[in-house]
Student: 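Could you have a look at this structure, given as structure tokens, before my questions?
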Amino acid sequence: MNINATLIGQSIAFFIFIYLVKQYVWPPLIAAMEERQKRIEVGLLAAERGLSEQAEAEQRAQELISQSKDQAAEIIANASKQASNMVEEAKDVAIQAADKVKSAASAELEQDTTRVRNELQERVSALVMQGVNAVLSKEVDSKTHKDMLSKLSQTL
Amino acid sequence: MSVETLTTSEYIKHHLTNLTYGQIDGHWGFAHTAEQASSMGFWSINVDSMFWSLATVLIFFFVFRVAGKKATTGVPTGFQNFIEMVIEFVDNSVRDSFNYQNKLVAPMALSIFVWIFLMNFMDLIPIDWLPQIAALSVEAMGGDPHSAFFKVVPSTDPNITFGMAISIFILILYYSIKHKGLGGFLSELAFHPFGKWGLPANLLLEGVSLIAKPISLALRLFGNMYAGEIIFILIATMYSAHIGFGIFGGILQVVWALFHVLIITLQAYIFMVLTIVYMDMAHQKDH
């Protein structure tokens with residue numbers, strides 16, 4: 001417990017070491033810490049921005065989804081409308097075709113009827129003429145009665 | 001075992017004596033007794049205090065230097081994290097109490113805090129381990145183990161605490177004169193607090209408060225550590241008394257060591273904070 005030169009030794013050591021610490025220990029550590037602090041700040045800002053961007057993107061996605069849902073509904077409605085239209089059209093076409101076939105058939109039938117009637121008429125008139133000829137050949141000159149006969153055949 | 005043959009008072013005295021190197025009767029050598037050590041006068045050196053003081057500061061310097069070299073701006077791992085925690089703690093203390101631009105104060109505060117903490121920490125090493133190793137190695141080298149004094153806690157040596165406090169006092173004077181000018185500094189001593197008519201009283205008051213700074217710094221640390229060391233020594237003397245005393249002493253030692261952890265940290269912190277405050281006062285232009 002004597003005061004001696006240890007005092008001076010300690011003082012010298014003290015000055016040397018605070019100089020060394022100031023020169024070689026403090027700056028790199030404090031620089032690294034400050035640098036990291038800055039990076040953390042930047043990172044936190046970026047994270048915040050990312051979060052808001054994410055929220056925005058989600059909103060946009062929601063909008064897109066609802067939009068496309070609407071579109072899909074529209075497309076489906078259009079398609080079903082078109083389908084019913086097509087069915088209607090096909091029905092009309094079918095009805096028209098059926099009508100045409102029916103009318104064609106009835107026209108043919110009418111034609112046939114007329115033709116058959118005409119044929120029958122001709123044949124009957126021929127037969128009548130034959131009969132008349134046979135009955136009247138003796139009394140009636142075909143030449144004189146030719147006008148009357150043709151008139152008759154025409155009325156038949 | 002050489003130390004065991006000592007009486008209790010000799011044991012205590014042995015533990016409180018430094019290994020002193022100086023001049024005895026005209027030639028240089030180690031003091032063999034406490035009386036010889038005190039007769040050496042000022043130009044002698046406490047080798048043990050100096051050795052552990054330098055050892056602790058070198059440990060501090062290299063650990064922090066390694067941390068500084070490996071410091072990355074990325075995620076710090078355990079060791080770096082610990083070092084940065086200390087740095088941040090010191091940096092915050094400096095920011096809180098020191099309001100001027102001085103690149104020396106923060107590194108100095110860090111040095112003081114860690115250095116004093118490490119020197120105080122030597123107190124927690126069981127008090128006979130290192131002295132016993134020293135005595136045995138002296139004996140092995142053919143010396144006298146009884147004169148192998150070995151005080152391992154540098155901060156229980158007033159030379160060490162005064163050495164630091166006086167260095168800080170020199171810095172206080174340097175920065176006071178640098179920032180206030182010699183005239184400013186002297187007028188602060190002479191004309192405050194009672195104006196120019198109370199000059200003698202001013203000089204006395206301010207002079208005392210100025211001188212009290214290094215003395216209180218040094219004596220506070222020395223007193224606390226010395227008292228703690230003595231209690232450890234007294235507890236240690238119980239081991240040789242009786243088995244019951246020995247067990248009781250063991251419990252006491254653990255309790256005191258746990259309490260002492262608090263004291264050594266607190267003393268290091270107080271020394272650091274007061275240094276910062278004194279430096280702040282040295283920079284103040286208006287008193």
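Just so it is clear: chains get the letters A, B, ... in the order the sequence lines come, proteins before strands, and each one is counted from 1.
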Student: With no hydrogens and no angle check, just 3.5 Å: does a side-chain donor-acceptor pair link Asn159(B) and Asp157(B)?
Tutor: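 Asp157(B) and Asn159(B) do have a side-chain donor-acceptor pair below 3.5 Å.
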Student: Counting C-beta onward and ignoring hydrogens, is there a side-chain heavy-atom pair between Phe17(A) and Leu58(B) closer than 4.5 Å?
Tutor: yes
Student: Would you mind checking which part of Ile160(B) comes under 4.5 Å of any heavy atom in chain A, side chain (CB onward), backbone (N, CA, C, O), both or neither?
Tutor: both
Student: Charged N to carboxylate O below 4.0 Å: is that the case for Lys13(B) and Glu35(B)?
Tutor: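 A salt bridge links Lys13(B) with Glu35(B).
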Student: In terms of heavy-atom proximity below 4.5 Å to chain A, should Thr161(B) be classed as side chain, backbone, both, or neither?
Tutor: neither
Student: So which residue, Ala67(B), Gly41(B), Ala71(B), Ser111(B), ends up with the most heavy-atom pairs under 4.5 Å with chain A?
Tutor: Ser111(B)
Student: So among Asn99(B), Asp91(B), Asn92(B), which one has a side-chain hydrogen bond (donor to acceptor under 3.5 Å, both in side chains) with Arg95(B)?
Tutor: Asp91(B)
Student: Side chain from CB out, backbone as N, CA, C, O: work out which of these in Gln80(B) comes under 4.5 Å of a heavy atom of chain A, or both, or neither.
Tutor: side chain
Student: Contact part of Phe14(A) toward chain B, heavy-atom cut-off under 4.5 Å: side chain, backbone, both or neither?
Tutor: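 For Phe14(A), the contact with chain B is made by backbone and side chain together.
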Student: With a 4.5 Å cut-off on heavy-atom pairs, point out which of Leu104(B), Val47(B), Ile83(B) contacts chain A the most.
Tutor: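 Answer, by heavy-atom pair count under 4.5 Å with chain A: Leu104(B).
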Student: Measure distances from Ala106(B) to the heavy atoms of chain A and classify the residue's part below 4.5 Å as side chain, backbone, both or neither.
Tutor: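 Both parts, backbone and side chain.
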Student: Using non-hydrogen atoms only, which part of Ile8(A) is less than 4.5 Å away from chain B: side chain, backbone, both, or neither?
Tutor: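 For Ile8(A), the side chain is the part near chain B, not the backbone.
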Student: Evaluate side-chain contact (heavy atoms from CB on, under 4.5 Å) for Asn18(B) paired with Thr6(A), printing each intermediate quantity in order.
Tutor: CA-CA 11 Å; Asn18(B) 283 108; Thr6(A) 313; over 6 Å; no
Student: Please report the C-alpha distance between Tyr278(B) and Tyr175(B) in whole Å, then the side-chain angles of each, then the deciding distance to 0.1 Å, and finally whether the ring pair (Phe, Tyr, Trp, His ring centres under 6.0 Å) criterion is met.
Tutor: CA-CA 10 Å; Tyr278(B) 292 158; Tyr175(B) 283 113; over 10 Å; no
Student: Kindly compute the distance separating CD1 (Ile233(B)) from OG1 (Thr8(B)), expressed to the nearest 0.5 Å.
Tutor: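 Reported to 0.5 Å precision, the distance equals 12.0 Å.
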Student: Please classify the contact between Leu54(B) and chain A as side chain, backbone, both or neither, with a heavy-atom cut-off of under 4.5 Å.
Tutor: side chain
Student: Once you round to the nearest 0.5 Å, how far does CE of Met164(B) lie from CH2 of Trp115(B)?
Tutor: 5.0 Å
Student: Testing the 3.5 Å rule here: is there a donor-acceptor pair between the side chains of Ser97(B) and Asp280(B)?
Tutor: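 Distance-only check fails for Ser97(B) and Asp280(B).
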Student: How many angstroms lie between OG in Ser167(B) and CD1 in Ile172(B), if you round to the nearest 0.5 Å?
Tutor: 11.0 Å
Student: Rounded to the nearest 0.5 Å, what separation is found between the CZ atom of Phe150(B) and the CH2 atom of Trp52(B)?
Tutor: 5.5 Å
Student: To the nearest 0.5 Å, how far apart are CD1 in Ile24(B) and OG in Ser44(B)?
Tutor: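 Output value for this atom pair is 10.0 Å.
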Student: To the nearest 0.5 Å, how far apart are NZ in Lys213(B) and CD1 in Ile215(B)?
Tutor: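 Rounded to the nearest 0.5 Å, the NZ-CD1 separation comes to 12.5 Å.
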Student: Which residues, numbered in order, of residues 18-30 of chain A come under 4.5 angstrom of chain B by heavy-atom distance?
Tutor: Ile18(A), Leu20(A), Val21(A), Lys22(A), Tyr24(A), Val25(A), Trp26(A), Pro28(A), Leu29(A), Ile30(A)
Student: Sort by residue number and list every member of residues 77-104 of chain A having a non-hydrogen atom under 4.5 Å from chain B.
Tutor: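 The list, in residue order, is empty: none.
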Student: The test is salt bridge (Lys or Arg N to Asp or Glu O under 4.0 Å); show your working for Glu229(B) and Lys151(B) and say whether it passes.
Tutor: CA-CA 10 Å; Glu229(B) 173 84 341; Lys151(B) 224 174 137 187; over 6 Å; no
